[in-house]
A.B. asks: 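The structure that follows is given in the form of structure tokens.
By convention here, the first residue in the shown sequence is residue 1.
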Amino acid sequence: MFPPETNVLIVDDMKPMRALVKGQTRALGLKNIWEATNGKEALGVLESQLKEGNPIHLILSDWNMPIMTGIDFLLAVRSSPHFKAMPFVMITAEGEKQQILLAIQRGVTNYITKPFTPAAFKSKLEIVWSKRK
């Protein structure tokens, strides 16, 4: 599993959902957590943390957000030389097969469908950890 010093970025336009994901992340022992309300804001966090020498190691992002959606954020992350290999987990209510396939085609590391249980959240992150390069 990800070590406690892992820097995590949670991206969701809904404050209660960010709080829920943050709680689940903390329950797994991860304490270094940043938040953003959309993909554009999240890109700013990625850049600023990289410049400060404290890079983000894991992204947990919603799909449906204003300004920049999760799928557009994923595309931006995968097109960046600095972030392209970063684990990116989509957490969303979008559970249709074609949308999951789209996220996979765009380079998502894993996918969690809302609502989710703590056990499912942990299991998905364990899979992500096992895939890291």
A.B. asks: I'd like to know if I67 and L43 are part of one continuous hydrophobic network [Ile/Leu/Val/Met/Phe/Trp/Tyr, side-chain heavy atoms within less than 4.5 Å].
C.D. replies: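 L43 and I67: separate clusters.
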A.B. asks: Output the distance between atom CD (E96) and atom OG1 (T113), rounded to the nearest 0.5 Å.
C.D. replies: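 Between E96 CD and T113 OG1, I get 11.0 Å after rounding to 0.5 Å.
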A.B. asks: Quick one: ring-ring contact (aromatic ring centres under 6.0 Å, His included) pairs with a partner in residues 69-103, sequence neighbours left out?
C.D. replies: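 Every ring-ring contact (aromatic ring centres under 6.0 Å, His included) pair that includes a residue of residues 69-103, provided the two are not neighbours, is F73-F88.
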A.B. asks: Quick check: do L46 and M86 have side-chain heavy atoms less than 4.5 Å from each other?
C.D. replies: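 Yes - at least one pair of side-chain heavy atoms lies under 4.5 Å apart.
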A.B. asks: Which heavy-atom pair separates T109 from P87 by the least distance, and what is that distance?
C.D. replies: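 Nearest heavy atoms, T109 then P87: OG1-CA, 3.4 Å.
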A.B. asks: If we only count heavy atoms from C-beta on, is the L58 to V8 side-chain gap below 4.5 Å?
C.D. replies: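 Result yes, sub-4.5 Å side-chain heavy-atom pair found.
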A.B. asks: Is a side-chain donor or acceptor of T6 paired with a backbone partner of P3 at a separation under 3.5 angstrom?
C.D. replies: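 Answer holds: yes.
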A.B. asks: Using 0.5 Å steps for rounding, measure from the NZ atom of K124 to the CZ atom of F116.
C.D. replies: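 K124 NZ to F116 CZ: 11.5 Å, rounded to 0.5 Å.
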A.B. asks: When hydrophobic residues are tied together by side-chain contacts of less than 4.5 Å, even through go-betweens, does W34 share a cluster with M65?
C.D. replies: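 Hydrophobic grouping puts W34 with M65.
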A.B. asks: Does K114 reach the side chain of D12, with side-chain heavy atoms less than 4.5 Å apart?
C.D. replies: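 Result yes, sub-4.5 Å side-chain heavy-atom pair found.
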A.B. asks: Between V11 and I59, what is the shortest heavy-atom contact and its length?
C.D. replies: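 Heavy atoms only, the tightest pair is CG2-CG2, 4.5 Å.
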A.B. asks: Between L74 and M90, is there a side-chain heavy-atom distance shorter than 4.5 Å?
C.D. replies: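 A side-chain contact exists here, since the closest heavy-atom pair is under 4.5 Å.
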A.B. asks: Provide the closest heavy-atom pair for L50 versus P55 in the form atom of the first, atom of the second, distance.
C.D. replies: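 Scanning both residues, the minimum pair turns out to be CD1-CB, 4.1 Å.
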A.B. asks: Are side-chain heavy atoms of L125 and M1 found at a separation under 4.5 Å?
C.D. replies: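 Yes - at least one pair of side-chain heavy atoms lies under 4.5 Å apart.
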A.B. asks: Go through it in stages, so that I can follow the logic: the residues are N32 and N7, the test is side-chain hydrogen bond (donor to acceptor under 3.5 Å, both in side chains), and I'd like the CA-CA distance, side-chain angles, deciding distance and then a yes or no.
C.D. replies: CA-CA 5 Å; N32 302 331; N7 293 333; 3.3 Å; yes
A.B. asks: Got a sec, which pairs hit salt bridge (charged side-chain N to carboxylate O under 4.0 Å, His left out) with one end in residues 27-44, sequence neighbours left out?
C.D. replies: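 Counting only pairs at least two positions apart or across chains, the salt bridge (charged side-chain N to carboxylate O under 4.0 Å, His left out) contacts touching residues 27-44 are R18-E35, K22-E35.
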A.B. asks: Please determine whether the number of non-hydrogen atoms from other residues, nucleotides or ligands lying under 6.0 Å from atom CD of Q98 exceeds 12.
C.D. replies: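 Incorrect, the count does not exceed 12.
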A.B. asks: Nearest 0.5 angstrom please: T69 OG1 to W63 CH2, how far?
C.D. replies: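 Atom-to-atom, T69:OG1 and W63:CH2 are 8.0 Å apart.
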A.B. asks: Identify the heavy atoms of S61 and G70 that sit nearest to each other, and give their distance.
C.D. replies: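 So the minimum-distance heavy-atom pair works out to OG-CA, 4.0 Å.
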A.B. asks: How many angstroms lie between CD in Q105 and CG in L75, if you round to the nearest 0.5 Å?
C.D. replies: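 If I round to the nearest 0.5 Å, the distance is 11.0 Å.
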A.B. asks: Roughly how far apart are T117 OG1 and Q24 CD, rounded to 0.5 Å?
C.D. replies: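 Between T117 OG1 and Q24 CD, I get 8.0 Å after rounding to 0.5 Å.
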A.B. asks: Evaluate the side-chain proximity of Y111 to I104: yes if any heavy-atom separation is below 4.5 Å, no if none is.
C.D. replies: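 Not touching, per the 4.5 Å side-chain cut-off.
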A.B. asks: Are the side chains of D62 and I91 in contact, using a 4.5 Å heavy-atom criterion?
C.D. replies: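 Side-chain contact under 4.5 Å: no.
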A.B. asks: Any chain of hydrophobic side-chain contacts (each under 4.5 Å) joining I56 to L28?
C.D. replies: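 In one cluster: no.
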A.B. asks: Quick one: does W129's side chain get under 4.5 Å of E126's, heavy atoms only?
C.D. replies: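 SC-SC contact between W129 and E126 ruled out.
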A.B. asks: Given 3.5 Å as the limit, does a donor-acceptor pair link the side chain of S130 with the main chain of I127, or not?
C.D. replies: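 Here the side-chain-to-backbone pair exists.
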A.B. asks: Any sub-3.5 Å donor-acceptor pair from T25's side-chain atoms to V21's backbone N or O?
C.D. replies: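 Looks like yes, one N/O pair under 3.5 Å.
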A.B. asks: Are I33 and V45 connected in the hydrophobic side-chain network, where two residues link if heavy atoms are under 4.5 Å apart?
C.D. replies: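 Not linked; separate clusters.
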A.B. asks: Please check if F2 and F121 belong to a single hydrophobic cluster, counting links between Ile, Leu, Val, Met, Phe, Trp and Tyr side chain heavy atoms closer than 4.5 Å.
C.D. replies: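 In one cluster: yes.
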